[in-house]
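Below is one structure, written out as structure tokens; the observations come after it.
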There are 2 protein chains.
Amino acid sequence: MANQLGNKLNKLRKDKGFTLESLAKAANVSKSYLWELENREVKNPSAQRLAAIAAQLGVTADFFLDDDASQPEEKHLDDAFFRGYKSLGSPEKEQLRKILETFKKS
Amino acid sequence: MANQLGNKLNKLRKDKGFTLESLAKAANVSKSYLWELENREVKNPSAQRLAAIAAQLGVTADFFLDDDASQPEEKHLDDAFFRGYKSLGSPEKEQLRKILETFKKS
DNA sequence: CCTCAAAGTTCGGTATACCGGAAAAAACAT
DNA sequence: ATGTTTTTTCCGGTATACCGAACTTTGAGG
């Protein structure tokens, strides 16, 4: 395994139970390229694709960029949650907001 | 001006008093390419370069990736919601996440 | 052992990221 | 207005991102 990005990607993918193909499909990239990202030396993916992959794995694109400090797990969860929330329609969002309010009173 | 990324980039660059050339030098990209990012239709920069540029402008790479599909007012609600969520304790967050998951099935 | 599917790896090709330098256009002096 | 400098726009070329499809490996079940 070649580069920092590749290591993180491979580990995270397996942790989340993705195969190359399933992640490729989910993130809308080819599995061959995904494999290159994990195993080849030089790769320098576009921001969009990296973000798409990161989103599927429940992290932000930055996680792969700042090569050393991994984010605390809690932040991953929060960011993933927010992304999911934003993908909802307005009525569902509204419901969640209501629920949040009741949580905040305790 | 062509695309969302271009708009943000151009505005931010000028706000910070950068010229194409000065920002190019600082972020280690060519000014011609910087110009393309701001003015051409299609561009899809690499994560590394975008991050470098973002850093010089004092923002994170995500700032440019944010597709902000939401209208400005809705976005405001979203952000407020996220702040509220983050202020919760872990168990409450976990509950919200579960609720989110059920919403996402439809 | 053998089979067959699922996972991973390789490869050839096309589109485009990205660059250096030069032209054009502002900006701003004199 | 004319030269000078600073900033923006254009262009030709090379490297590489990214893909589809074919090939190889792995490993569970008979």
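Proteins come first, then strands; the chains are lettered A, B, ... in the order of their sequence lines, and each starts at number 1.
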Distance criterion of 3.5 Å, no angle test: do you see the side chain of B:S32 paired donor-to-acceptor with the base of C:dG20?
yes

Determine whether a donor-acceptor pair (one donor, one acceptor, N or O, separation below 3.5 Å) exists between the side chain of B:K31 and the base of D:dT8.
yes

Is the phosphate of D:dT7, meaning OP1 or OP2, less than 4.0 Å from a side-chain N or O of B:R13?
no

Distance below 4.0 Å between A:R49 side-chain N/O and D:dC19 OP1 or OP2
yes

Students often get this wrong, so: under 4.0 angstrom with heavy atoms, is A:S30 touching a base, only sugar-phosphate, or nothing?
base

Assess B:K14 against B:F18: is NZ or CZ under 6.0 Å from the centre of the six-membered ring, and within 45 degrees of the ring's axis?
no

Evaluation steps, side chain to side chain contact (heavy atoms under 4.5 Å, CB included), between B:K25 and B:S22
CA-CA 5 Å; B:K25 193 171 298 182; B:S22 64; 5.9 Å; no

With respect to the phosphate group of C:dG8, does any side-chain polar atom (N or O) of A:T19 fall under 4.0 Å of OP1 or OP2?
yes

Tell me if the aromatic rings of B:F81 and A:Y85 count as close, with their centers under 6.0 Å from one another.
yes

5' priority, DNA chain D, between B:N44 and B:W35 [closest heavy atom]
B:W35

Nearest heavy atom decides the nucleotide; on that basis, is B:E36 or B:F18 closer to the 5' end of DNA chain D?
B:F18

Distance test, side-chain N/O of A:K43 to OP1/OP2 of D:dT16, below 4.0 Å
no

